[in-house]
Amino acid sequence: MLGLSGAVSAADVMRVRERQRELGVPESFEWVAENTPSLRGAVEEAGLVVHEHPLMVLGSDTATAPEVAGGLVVRIVGADDPVLPSALAVPRLAFADLGTRVGEAGLSELAEVVRERAGDGSVEHLAARIRSGLTCVAAAVEDGTALCTGQHQPVGNVSEVVGIGTLPAARRRGLALAVTAALVADARARGAETIFLSAGDDAVARIYARLGFRTVATALIAEPGA
C-alpha cells in the first residue's frame with residue numbers, strides 16, 4: 001500500500017477481496033498507518049479486523065545477542081537440512097500462544113505438527129525458496145530439533161525479518177533474540193543495507209530494541225475476523 005494516493009472506499013476493498021478469493025490467496029492487507037491513514041476506515045467498513053504492530057528498522061549499531069545455554073546451536077538452516085521440518089512447524093505453535101510467557105506446548109506437540117504437515121508440500125516449498133535465495137531460515141537447535149526459528153526475505157539491498165517464533169515451552173531462554181541476530185548477520189552478509197520487521201506488540205518490540213531495532217512507524221494488518 002506504499003505510495004497509495006486518493007480516497008479508498010469499502011467497495012474498493014471488497015473488490016480486492018473478491019480478487020484475492022479468485023486467486024486463492026489470503027484476504028489480507030498490510031500498510032503503514034502513517035503513510036495511508038485513510039485506509040483503515042475503509043477496510044474496517046469492509047468487515048476486516050485491523051491489528052497494530054510496531055514497525056521497526058535496524059540502526060547502524062547492532063548489538064550482539066547474548067549466548068544461549070549449552071547444548072543449543074543457533075545456525076542458518078539449509079534447504080536439505082533435516083531440521084527444516086521442525087523449523088517450519090515451530091511458528092504454528094508459537095503464534096497459537098502469543099506473548100513471551102512460558103507456555104505448555106513442547107516437543108511432543110511439535111512432533112505432532114511435523115507429522116501433520118509431512119507430505120503437504122510446505123517443506124519442499126520452503127526449501128525451494130531457500131535454494132533460490134528468496135528466503136533465509138535460522139533456528140536455535142537442540143538435539144536435532146528447532147526450538148525457535150525465523151526468516152528474512154531479501155529483495156535487493158533490503159530484507160524483512162519475519163516469523164520469529166519460539167516453542168512456548170522453550171521461552172525465556174533468549175532464543176528469539178539469538179535467532180534474530182543470526183538473521184541480521186546473514187542479511188548483512190548478503191548486502192542488505194535496510195533490515196526491518198513488524199513486532200507483535202510493544203513488549204516484543206522492547207526485545208528487538210536490545211539488538212538495535214528502533215520503532216519508526218505503525219504497521220497495520222487487516223484480516224477477516226475469527
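The analysis underlying the following values was restricted to heavy atoms, covering all of them including side chains, and did not include hydrogens, waters or symmetry mates. Counting from 1, the numbers follow the sequence of the chain as shown.
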Q: Report yes if some heavy atom in the side chain of Leu58 is under 4.5 Å from a heavy atom in the side chain of Arg188; otherwise report no.
A: yes
Q | Glu104 CD: over 12 foreign heavy atoms closer than 6.0 Å | A | no
Q.
Using a strict threshold of under 4.0 Å (side-chain N to carboxylate O), is an ion pair present between Asp186 and Arg190?
A. yes
Q: Return the minimal non-hydrogen interatomic distance between Gly163 and Pro91, and the atom names on each side.
A: O-CG, 4.1 Å
Q | Rounded distance (nearest 0.5 Å) linking atom CD of Gln20 with atom CD of Glu22 | A | 10.5 Å
Q: Group every Ile, Leu, Val, Met, Phe, Trp and Tyr by side-chain heavy-atom contacts under 4.5 Å, then state whether Val57 and Leu55 land in the same group.
A: yes
**Q.** Joint cluster assignment, Val16 & Leu220, ILVMFWY side-chain distance < 4.5 Å
**A.** yes
Q: Test Leu48 against every option in Arg17, Arg40, Met14 by the side chain to side chain contact (heavy atoms under 4.5 Å, CB included) rule and name the one that passes.
A: Arg17
Q) With distance as the sole test, does Arg171 use its side chain to make a donor-acceptor pair with the main-chain N or O of Arg101 at under 3.5 Å? A) yes
Q. Val50 versus Phe29: any side-chain heavy-atom pair under 4.5 Å?
A. no
Q) Is it the case that more than 12 heavy atoms not belonging to His51 sit under 6.0 Å from its NE2 atom? A) yes
Q: Please answer: with hydrophobic residues joined when any side-chain heavy atoms are less than 4.5 Å apart, are Leu175 and Val204 in the same cluster?
A: yes
Q) Is it true that Glu18 and Arg15 have a side-chain N and a carboxylate O under 4.0 angstrom from each other? A) no
Q: Kindly indicate whether the side chain of Glu34, heavy atoms from C-beta on, has any atom under 4.5 Å from the side chain of Thr218.
A: yes
Q.
Please determine whether the number of non-hydrogen atoms from other residues, nucleotides or ligands lying under 6.0 Å from atom CZ of Arg214 exceeds 12.
A. no
(Q) As an exercise, state the distance from CG of Asp201 to CD of Glu52, rounded to the nearest 0.5 Å. (A) 11.5 Å
Q.
Determine whether Ile207 and Thr180 satisfy the following criterion, side chain to side chain contact (heavy atoms under 4.5 Å, CB included), listing intermediate values before the conclusion.
A. CA-CA 10 Å; Ile207 296 174; Thr180 304; over 6 Å; no
Q | Nearest non-hydrogen partners of Pro85 and Val123, listed with the distance | A | CA-CG2, 4.0 Å
Q | From Thr166 atom OG1 to Asp97 atom CG, the distance as rounded to the nearest 0.5 Å | A | 11.5 Å
Q. Mind checking whether Leu167 and Leu177 sit in one hydrophobic cluster, side chains of I, L, V, M, F, W, Y counted as touching below 4.5 Å?
A. yes
(Q) If I compare all heavy atoms of Ser198 with all of Ala219, which pair ends up nearest, and what's the gap? (A) OG-CB, 3.5 Å
Q: Please tell me if the side chains of Leu72 and Arg173 come closer than 4.5 Å, counting only heavy atoms from C-beta onward.
A: yes
Q: Quick one: closest heavy-atom pair of Ile164 and Ala176, and the distance?
A: CG2-CB, 3.9 Å
Q | Considering all heavy atoms, the nearest Ala187-Ile195 contact | A | CB-CD1, 3.7 Å
Q) Looking only at heavy atoms, which two atoms of Ser159 and His152 are closest? And how far apart? A) OG-ND1, 2.7 Å
Q | Identified side chain to side chain contact (heavy atoms under 4.5 Å, CB included) partner of Leu147 from the options Leu107, Val179, Val90, Val74 | A | Leu107
Q) Hey, does Tyr208 have a side-chain heavy atom less than 4.5 Å from the side chain of Val161? A) no
Q | Interatomic spacing from NE2 in His53 to CG in Asp202 - rounded to 0.5 Å | A | 11.0 Å
Q: Find out whether Trp31 and Val43 are in side-chain contact, i.e. whether some heavy atom of one side chain is under 4.5 Å from a heavy atom of the other.
A: yes
Q | pair Thr36-Val32: side-chain heavy atoms closer than 4.5 Å | A | no
(Q) Could you check whether any side-chain N or O of Glu45 sits under 3.5 Å from a backbone N or O of Ala42, counting only pairs where one atom can act as donor and the other as acceptor? (A) no
Q. Is there side-chain contact between Val77 and Thr149, with at least one heavy-atom pair below 4.5 Å?
A. no
